[in-house]
Colleague: 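The following block contains the structure, expressed as structure tokens.
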Amino acid sequence: MAFAGLLGGAYVLMRRLLEAMFTREEQQSRLVKNFSAEVSQSLSTADIMEKMGQVVSREIPIEQMYICLLEGDSYQARYCSSPLATLSFSISKDSPQIAYLKEQESYLIIGEFRSSPRYLSVWEAEKELFRRLNIDCVAAMRDGEEIVGLLLLSAKERGRNFNAVEIGFLETVSSIASIAMKNAALYEKMFREASIDPLTGVYNYRFFVEQLEEQFLSCGRECLTLLYIDVDDFTLYNQLYGVGEGDAALCRIGEVISRCTGESGIVFRTSGKVFAVLLPLQDTQRARTLAREIETRVAQINQKPERQRLKPLSVSVGICSAPYAASSAKELMDNADLAVYNAKQGGKDQIVIFRGASDLVPQHLAERTDAIVDRIERGDGEYRSALSMISALTAAIDAKDHYTYAHSKNVARYAATLAVAAGLNDDQVRTIYAAGLLHDIGKISIPENILNKTGKLEDGEYRIMKDHVNSSIEMIRHLPEMDYLIPAVLGHHERWDGKGYPRGIAGEEIPISARCLAIADVFDAMTTDRPYRRGLPLEYALEEIRKGAGTQFDPSLAKTFAQLIRSRSIPLSPQAAARKS
């Protein structure tokens, strides 16, 4: 009886063991299937390593697991299941343990390997590393004959040994992960090549545009700050020392910006001599501190003995933060660009922060507009050269067509006052005023018989007239330090609904400077005498602007402009004043 009882107990025990074994195999099968499905859809090596760590830790009771990937001549630690563990170690590609994995098994149990003669040839530093990390098992990740990664597992809980089922599971998971990471690595390589500037190693303009939109949406109401860093007098630097030396200077400056920025932001090269830094969740004060550090480090480049014969390098920095001083990604970019322009106009090698204007009492708008544009009209400071060029060009317009000259003066004043009312800052208002004076400069190239025609323009004549925008741009872009006017001039015939010209852009894609000019341009054109008709009544013009709000014009600016006219906050041109009835 006792013997029968013993046999019965052994049977029950064996049955339970078999059931447990089959249950575990079933569980492993599900884990492997799910793991394979997840990593096959991932194109991120970091994501694949994370998933691999999760699936191994779930099945095998270990304290921690490391993943090392082949980079050059060594396997660099890139992942650990414990977030506080160090990843500052590597294993040589020539290690005797790697040689054993290549020749023998796809795994290595350290306890068993210690009894092998090969263990004697393992380097002491590597033995110490494995002892310190408490590594008990190494699994190879293969791509054909080459080992592309290592899976390092610490000793199991309670000192248990790794069994055959666990080793088989590791081999399967490693094989699946190797294929997935190979595909992910190819994708990441293509992504780097498409998004990295080949000269400086920072991100390029294409990736900048993508990240700007993505970060703007991600930050929402939180702060997002943009720095534009423009290398001063770089064209002259290239002319003096050649493109090779210029490229070397850009690389040094790019390295300085990257080191100063660190993990706090993203660095881009957006054009030949301009870098950008995006700082998510950081305000203008932190950005100013970073900008000062960058300027200091760039200045230190000049102190090196080999650079004593070269022109000193310096940078001008423009800073803008959303949502405080920009309501869209495009506006953030435009405002930072304006800030860096003002830094260069103000003497270079300095930092300018873009700030919006505070609310104003309506009756003070005209006075403030006068004060802002007065610096251009007097030619103070950095506006001296601008005044002489603008004066010469407006005189040329007047000689060709007096109506266009008077119209440009009116548009400049209307648009500048609207910009003040819209809360734009002094620099934006001055830009809009100067762009208003020059927005029709391209009409110099249009024959007088078309400009002064009293009847309806034919299709060919209308095409010539529309081309005055491109002609204006061609003239302005060749003027030194005046290219900042181009966005406003280029966009003043665009429409809010995207049906304008020359680019057909819509909504807030149109620079706010151009949106201000568009309303002012149409209003003055309607309320002044033209060769083909008399000026229209003031209320008729305002009603037309109201009808065009949301289709032709920015609806908010159109409403503001109508309120300004009706409240007499904008001085009317003499002809418009005569059209009040």
Colleague: Which label fits Y237 and F234: parallel for a plane angle under 30°, tilted from 30 to 60°, or perpendicular past 60°?
Modeller: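 It falls in the parallel class, under 30°.
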Colleague: Enter the distance from Q64:CD to L153:CG here, rounded to the nearest 0.5 Å.
Modeller: 10.0 Å
Colleague: Given salt bridge (charged side-chain N to carboxylate O under 4.0 Å, His left out), test E295 with R292 step by step and report yes or no.
Modeller: CA-CA 5 Å; E295 285 196 328; R292 285 174 177 163; over 6 Å; no
Colleague: Does E146 form a side-chain contact (heavy atoms from CB on, under 4.5 Å) with K93? I'd like the steps, not just the answer.
Modeller: CA-CA 11 Å; E146 186 174 24; K93 188 178 180 180; 3.9 Å; yes
Colleague: Indicate whether the side chain of T551 and that of D497 have a donor and an acceptor atom separated by less than 3.5 Å.
Modeller: no
Colleague: What's the spacing between S271 OG and N204 CG if we round to 0.5 Å?
Modeller: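 Answer for the OG-CG pair, S271 versus N204, is 12.0 Å.
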Colleague: Distance only, no hydrogens: is a donor on one side chain within 3.5 Å (strictly under) of an acceptor on the other, for E63 and S154?
Modeller: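 Note: E63 and S154 side chains miss the donor-acceptor criterion.
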Colleague: Between T261 (side chain) and S258 (backbone), is there a donor-acceptor pair under 3.5 Å?
Modeller: no
Colleague: Do E38 and D47 touch side chain to side chain, with heavy atoms closer than 4.5 Å?
Modeller: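 Not in contact.
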Colleague: As a quick check of understanding, evaluate side-chain hydrogen bond (donor to acceptor under 3.5 Å, both in side chains) for D230 and S316, giving each step before the final call.
Modeller: CA-CA 5 Å; D230 194 327; S316 296; over 6 Å; no
Colleague: Going through the checks in order, is the side-chain contact (heavy atoms from CB on, under 4.5 Å) test met by F89 and L133?
Modeller: CA-CA 11 Å; F89 70 87; L133 299 179; 3.7 Å; yes
Colleague: Does the pair D197 and T200 meet the rule for a side-chain hydrogen bond (donor to acceptor under 3.5 Å, both in side chains), with working shown?
Modeller: CA-CA 6 Å; D197 172 48; T200 61; 2.5 Å; yes
Colleague: Can you spot which of I135, D136, V122 makes a side chain to side chain contact (heavy atoms under 4.5 Å, CB included) with F130?
Modeller: I135
Colleague: Measure the spacing between SG of C320 and CG of L227 and express it to the nearest 0.5 Å.
Modeller: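 Between atom SG of C320 and atom CG of L227 there are 10.0 Å.
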Colleague: State whether the number of non-hydrogen atoms from other residues, nucleotides or ligands found under 6.0 Å of R206 atom CZ is greater than 12.
Modeller: no
Colleague: State the CD1-CG distance between I257 and L250, to the nearest 0.5 angstrom.
Modeller: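 So the CD1 of I257 and the CG of L250 are separated by 9.5 Å.
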Colleague: Does R252 form a salt bridge (charged side-chain N to carboxylate O under 4.0 Å, His left out) with E245? I'd like the steps, not just the answer.
Modeller: CA-CA 11 Å; R252 293 188 189 100; E245 183 59 43; 3.6 Å; yes
Colleague: So do the side chains of L87 and Q76 get within less than 4.5 Å of each other, counting heavy atoms only?
Modeller: no
Colleague: Do E103 and R118 pass the salt bridge (charged side-chain N to carboxylate O under 4.0 Å, His left out) test, and can you show the C-alpha distance, the side-chain angles, and the key distance before you say yes or no?
Modeller: CA-CA 12 Å; E103 297 170 8; R118 281 207 172 187; 2.3 Å; yes
Colleague: Measuring from atom CG of L70 to atom CD1 of I91, what distance do you get when rounded to the nearest 0.5 angstrom?
Modeller: 11.5 Å
Colleague: Give a yes or no answer on whether the side chain of Y341 reaches the backbone of A336 with a donor-acceptor pair at less than 3.5 Å.
Modeller: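 Flag not set: sc Y341 to bb A336 has no pair under 3.5 Å.
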Colleague: Hey, do the aromatic rings of Y100 and F113 have their centres closer than 6.0 Å?
Modeller: yes
Colleague: Does one side chain, of Q428 or D334, offer a donor that lies under 3.5 Å from an acceptor on the other?
Modeller: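 There is no such pair (donor and acceptor under 3.5 Å, judged by atom type) between the side chains of Q428 and D334.
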Colleague: Is the side chain of D554 donor-acceptor paired with the backbone N or O of R515 at a distance under 3.5 Å, no angle test?
Modeller: no
Colleague: Measuring only between side-chain heavy atoms, which start at C-beta, is V173 closer than 4.5 Å to F35?
Modeller: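 SC-SC contact between V173 and F35 confirmed.
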Colleague: With the side chain counted from C-beta on, respond yes when N238 and L240 share a heavy-atom pair under 4.5 Å apart, and no when they do not.
Modeller: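 No. Closest side-chain heavy atoms not under 4.5 Å.
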Colleague: Would you indicate whether R309, at its atom CZ, is surrounded by more than 12 heavy atoms from other residues, nucleotides or ligands within a distance under 6.0 Å?
Modeller: no
Colleague: Report yes or no: is the cationic atom of K330 (NZ for Lys, CZ for Arg) closer than 6.0 Å to the six-membered ring centre of F216, at no more than 45° off its axis?
Modeller: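 The answer is no; the distance or angle limit is not met.
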Colleague: Would a distance-only check, ignoring hydrogens and angles, find a side-chain to backbone donor-acceptor pair under 3.5 Å from R269 to G254?
Modeller: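 Looks like no, no N/O pair under 3.5 Å.
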Colleague: Under the side-chain hydrogen bond (donor to acceptor under 3.5 Å, both in side chains) rule, what do Q282 and T225 come out as? Steps first, then yes or no, please.
Modeller: CA-CA 6 Å; Q282 298 190 52; T225 300; over 6 Å; no
Colleague: Would you indicate whether Y205, at its atom OH, is surrounded by more than 12 heavy atoms from other residues, nucleotides or ligands within a distance under 6.0 Å?
Modeller: no
Colleague: Classify the side-chain pair S88/T86 by whether it contains a donor and acceptor separated by less than 3.5 Å.
Modeller: yes
Colleague: F162 versus I60: any side-chain heavy-atom pair under 4.5 Å?
Modeller: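 Yes, close enough: below the 4.5 Å cut-off.
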Colleague: Report yes if some heavy atom in the side chain of Y75 is under 4.5 Å from a heavy atom in the side chain of I147; otherwise report no.
Modeller: yes
Colleague: I'd like to know whether V148 forms a side-chain contact (heavy atoms from CB on, under 4.5 Å) with K182, so could you lay out the CA-CA distance, the side-chain angles of the two residues, the decisive distance to 0.1 Å, and finally the verdict.
Modeller: CA-CA 9 Å; V148 295; K182 179 181 179 180; over 6 Å; no
Colleague: With side-chain contact (heavy atoms from CB on, under 4.5 Å) as the criterion, how do I319 and V352 come out once you've worked through the C-alpha distance, each side chain's angles and the decisive distance to 0.1 Å?
Modeller: CA-CA 6 Å; I319 300 172; V352 170; over 6 Å; no
Colleague: Going through the distances and angles, do E71 and R78 end up as a salt bridge (charged side-chain N to carboxylate O under 4.0 Å, His left out)?
Modeller: CA-CA 11 Å; E71 297 178 14; R78 287 292 173 257; 2.9 Å; yes
Colleague: So, does T289 use its side chain to make a donor-acceptor pair with the main chain of Q285 at under 3.5 Å?
Modeller: yes
Colleague: Is the ring pair F208/Y228 parallel, tilted or perpendicular, if the boundaries are 30 and 60 degrees?
Modeller: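 Tilted: the ring planes of F208 and Y228 meet at 30° to 60°.
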Colleague: What verdict does the side-chain hydrogen bond (donor to acceptor under 3.5 Å, both in side chains) test give for D143 and S178, after you've listed the backbone C-alpha separation in whole Å, the side-chain angles of each residue and the deciding distance to 0.1 Å?
Modeller: CA-CA 7 Å; D143 179 14; S178 297; over 6 Å; no
Colleague: NZ of K499: more than 12 outside heavy atoms within 6.0 angstrom?
Modeller: no
Colleague: Under 6.0 Å from the CD atom of E210, do we count more than 12 heavy atoms belonging to anything else shown?
Modeller: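 Correct, the count exceeds 12.
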Colleague: With no hydrogens and no angle check, is any side-chain donor or acceptor of Q308 less than 3.5 Å from a backbone partner on K304?
Modeller: yes
Colleague: How about CD on E306, more than 12 heavy atoms from neighbouring residues, nucleotides or ligands closer than 6.0 Å, or not?
Modeller: yes
